[in-house]
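Throughout, numbering of the chain's residues begins at 1 and tracks the sequence. These values consider heavy atoms only, across backbone and side chains, with no hydrogens, waters or symmetry-generated copies.
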Amino acid sequence: MIVSALVALPIGTAMPRWSAADIPDQSGRTALVTGAGGGLGLRVALHLAQRGCRVLMAVRDTTRGEAALDLLRAQVPGAAAELVEVDLADLESVRKGAAEAAERTDALDLLVDNAGVMAVPRRTLSAQGFELQLATNHLGHFALTGLLLPLLEAAPSARVVAVSSIMHKSGRLDFTDLQAERRYSPMTAYNAAKLANAVFAVEFQRRLGAAGSPVIAVGAHPGVATTELGRKGSRLGGGGTLGALFDAFAQIAGHSAEAGALPLLRAATDPGVRGGEYYGPAGLGGLRGAPVSCAYHRRAYDPETGRRLWAESERLTNVTYDLPPAPSGGPAGPS
C-alpha cells in the first residue's frame, strides 16, 4: 500500500538543477533547526553552518545531540553552533526550549520545523496525552513556532520551513477523532500528521500575509530518504516491522539523507522562494531527485480545514499566535 501510494504521485515542476553549492552566504543569520541530532536535521545544520549561519540545534536526546555537535564542529571548524534541548512531544519542554532560544538571540532568521516520528506501531501518547505522531510532528512544532514568532518578526526577512512528506497526500484530518482514539493505524496517523504540517504551512502563510508580516512560511519534503526514521518510530511504539520495511524501501527507491536535505535547504535559503511555496524532489513521483517547486494535495489548501486545524491546535497547545485570522477566500497560493 505504501509503495503504490508513493509511485502514483505527480512529478514536480522541472527547472534548473539546484544543489548545495547554490546556498547563499548565511553570515550574520541565526537559524534554529529541530531534529538536528541526526538525519535530515543534522545535514541542514551542517550546510547552514558551512555558509556562516549561527545554528541552534534543537534536540530531544542531548547525548546524541552532543555527538552531532562534535561532528558538525569537526566538519566546520569555528562553526557557531550550539544545542537547545527540545522534546516536541512534551509542550513543557517546548516552552523551555523556546525560552532558552530567546535568551540566546534577539532575532531568529530561520526556523526549520524538521523533527518527526513515523509509523509508531501502537497508539502511544505524548506527555500531555496526545497521539504521539500528531503531537511530535505537528502540535509541538505549532507551539514552538508560535512561541518563537516574536524572534522571527524581529528579523528583517525571516522564514519558517515546515517539513511535510509525500505521504501527506494520503492523509485525512478527522476532527471528530484527531487523536485516533477510536481507531489507530501507524501509517494513517503518520499521513494525517504530515497533512497537518502541510495545512499549517499554508494557513500560517495566509495569516502572515494578512498581517503584513515580514515573515514567510514555506514547505518542503525530502522524498524518501535513508534516515532510519521508520525504525526509530517502531522503537517508540514497542516494536514492529512497518518502519523497517519503509526504511528498506528507501534504500531501494529513495535517495540519501544528504540529497533528502536539499529541498529543505532550498526552501530555507533560496532568495527566490516565496511564501506559501512547497519544495520536494523532482524525480520518480517525488521520491528522489533535485529539489524543485511542487504542490501539496488540494486538501492542504482548503481554507476551512486550515482555520479548523489552527483553532484546534491553539486549543490543544494553549499557544496563541498574535496574528489575525486570514480573510475568507480561496486556497492560498505563493505570495
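Both V33 and L40 sit in one connected hydrophobic cluster of ILVMFWY residues. Membership requires side-chain heavy atoms under 4.5 Å apart, directly or through other members. Residues V273 and V215 fall into different hydrophobic clusters, defined by Ile, Leu, Val, Met, Phe, Trp and Tyr side chains chained together at heavy-atom separations under 4.5 Å. Cluster membership check: L91 shares its hydrophobic cluster with L178, using side-chain heavy-atom separations under 4.5 Å among Ile, Leu, Val, Met, Phe, Trp and Tyr. One hydrophobic cluster, built from ILVMFWY side chains closer than 4.5 Å, cannot hold both Y301 and F204; they sit in different ones. Hydrophobic clustering, with ILVMFWY side chains joined whenever heavy atoms are under 4.5 angstrom apart, keeps L125 apart from V94.
Using modelled atom types and a 3.5 Å distance limit, the side chains of T305 and D302 yield a donor-acceptor pair. R182 and T176 share a donor-acceptor pair across their side chains, judged by distance under 3.5 Å alone. Between K194 and N191, the side chains place no donor N or O within less than 3.5 Å of an acceptor N or O (distance only, hydrogens not considered).
Looking at every heavy atom in both residues, Q128 comes nearest to D90 through NE2-OD1, 3.1 Å.
Ring to ring, Y279 and W18 are not that close: their centroids are 6.0 angstrom or more apart.
Residues P281 and H221 meet the side-chain proximity criterion, which asks for heavy atoms closer than 4.5 Å. Counting only heavy atoms from C-beta outward, the side chains of N197 and V163 never approach each other to under 4.5 Å. Between R29 and L110, the closest side-chain pair of non-hydrogen atoms falls below 4.5 Å. Within the 4.5 Å cutoff, the side chain of E100 has no heavy atoms near those of the V86 side chain. You'll find the side chain of M57 reaches within 4.5 Å of the side chain of L72, heavy atoms only.
Around CG of D25, the count of heavy atoms belonging to other residues, nucleotides or ligands within 6.0 Å exceeds 12. Counting heavy atoms of neighbouring residues, nucleotides and ligands inside a 6.0 Å radius, atom CG of D106 does not exceed 12 of them.
Distance alone, capped at 3.5 Å, is enough to place a donor-acceptor pair between the R123 side chain and the A180 backbone. With R274 contributing its side chain and I216 its backbone, the two residues share no donor-acceptor pair below 3.5 Å. Side chain of D109 to main chain of A31: no donor-acceptor pair is present (N/O by atom type, distance under 3.5 Å, no hydrogens or angles). Judged purely by atom type and a 3.5 angstrom limit, R299 uses its side chain to pair as donor or acceptor with the backbone of G171.
Using cut-offs of 30° and 60° for the angle between ring planes, the Y278 and H168 rings count as perpendicular.
A salt bridge links R207 with E203: at least one charged nitrogen is closer than 4.0 Å to a carboxylate oxygen.
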Would you be so kind as to tabulate the donor-acceptor pairs closer than 3.5 Å made by side chains of residues 137-150, with sequence neighbours excluded?
| from | atom 1 | to | atom 2 | distance (Å) |
| --- | --- | --- | --- | --- |
| N137 | OD1 | V117 | N | 2.8 |
| N137 | ND2 | V117 | O | 3.0 |
| N137 | ND2 | Q133 | O | 3.4 |
| H138 | NE2 | S313 | OG | 2.7 |
| H141 | ND1 | N137 | O | 3.1 |
| H141 | NE2 | T34 | OG1 | 2.9 |
| T145 | OG1 | D113 | OD2 | 2.7 |
| T145 | OG1 | H141 | O | 2.8 |

Tell me, with the steps shown, if D322 and E153 meet side chain to side chain contact (heavy atoms under 4.5 Å, CB included).
CA-CA 11 Å; D322 187 18; E153 291 188 320; 5.9 Å; no
Step by step, work out the side chain to side chain contact (heavy atoms under 4.5 Å, CB included) result for T269 and Q26.
CA-CA 8 Å; T269 66; Q26 299 292 300; 4.0 Å; yes
Begin from the C-alpha positions of Q205 and E277 and carry the test side chain to side chain contact (heavy atoms under 4.5 Å, CB included) through to its verdict.
CA-CA 9 Å; Q205 178 57 38; E277 290 187 329; over 6 Å; no
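With rounding to the nearest 0.5 Å, the separation of CD in E66 from OG1 in T62 is 7.0 Å.
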